[in-house]
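Below is one structure, written out as structure tokens; the observations come after it.
We use all heavy atoms of the structure for the numbers below, so side chains are in, but hydrogens, waters and symmetry mates are not.
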Amino acid sequence: MTKSLTIHINKKPLSVNKAWQGKRFKTKDYQAYECELLYSIPAQQLPKSPYSISFEFGFSNINSDWDNPIKPLQDILQKKLGFNDKDIYEAYVKKVKVKKGQEYSRVEIRTLTK
């Protein structure tokens, strides 16, 4: 069994904005989530860009996709902390199985050394 796999694709990556037609609207669930996070995340001064970002998501349903919560959370963090995700050059994502009712998200934003 292979322990590592590297795939190089010579094609421009497709952005989320190009993946769907038409205007997308925030659901009521997203609006409530955004409002709660904007209220509960303390205002902070970020380190200088470029950034490395780490996400850890605790899911009670192990069938949850590891990447689904990234974009909404990242967009809310940008709004609250005043940074632009174009300044993120490195990312790490971890998925953790937790008991129902103990779901969580954890984010760390660091400056990349040049």
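For the atom pair CD1 (Ile109) and OG (Ser49), the distance works out to 11.5 Å, reported to the nearest 0.5 Å. Note that CG of Leu77 is 5.0 Å distant from CD1 of Ile41, once rounded to the nearest 0.5 Å.
No continuous path of hydrophobic side-chain contacts links Val107 to Leu112 [ILVMFWY only; heavy atoms under 4.5 Å]. Grouping the Ile, Leu, Val, Met, Phe, Trp and Tyr side chains by contacts below 4.5 angstrom, directly or via other members, places Val98 apart from Leu73.
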Side chain to side chain contact (heavy atoms under 4.5 Å, CB included), that's the test. Do Phe59 and Lys97 meet it? Break it down for me.
CA-CA 5 Å; Phe59 293 112; Lys97 171 80 168 117; over 6 Å; no
For this session: Evaluate side chain to side chain contact (heavy atoms under 4.5 Å, CB included) for Ile76 paired with Tyr33, printing each intermediate quantity in order.
Result: CA-CA 9 Å; Ile76 293 166; Tyr33 179 71; 3.6 Å; yes
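Thr27 pairs by the side-chain contact (heavy atoms from CB on, under 4.5 Å) definition with Asp29, Tyr30, not counting sequence neighbours. Applying the side-chain contact (heavy atoms from CB on, under 4.5 Å) rule to Pro47 yields the partners Tyr51, Thr111; only residues at least two apart in sequence or on another chain are considered.
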Could you list the donor-acceptor pairs under 3.5 angstrom formed between side-chain atoms of residues 81-90 and any protein atom two or more places apart in sequence or on another chain?
from, atom 1, to, atom 2, distance (Å)
Asn84, OD1, Lys86, N, 3.0
Asp85, OD2, Lys71, NZ, 3.1
Asp85, OD2, Gln74, NE2, 3.0
Glu90, OE2, Ser52, OG, 3.0

Distance-only check: which donor-acceptor pairs under 3.5 Å involve side-chain atoms of residues 61-69, not counting sequence neighbours?
from, atom 1, to, atom 2, distance (Å)
Asn61, OD1, Asn63, N, 2.8
Ser64, OG, Asn61, O, 2.9

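The environment of Lys12 atom NZ is sparse: at most 12 non-hydrogen atoms of other residues, nucleotides or ligands sit within 6.0 angstrom.
For the side chain to side chain donor-acceptor pair (under 3.5 Å) condition, the pairs that include at least one residue of residues 99-109, sequence neighbours left out, are Glu56-Tyr104, Glu56-Arg106, Ser60-Glu103, Glu108-Arg110. Contacts classified as salt bridge (Lys or Arg N to Asp or Glu O under 4.0 Å) and involving residues 32-45 (residues at least two apart or in different chains) are given here: Lys26-Glu34, Glu34-Lys79.
At least one side-chain heavy atom of Ile70 sits under 4.5 Å from a side-chain heavy atom of Phe55.
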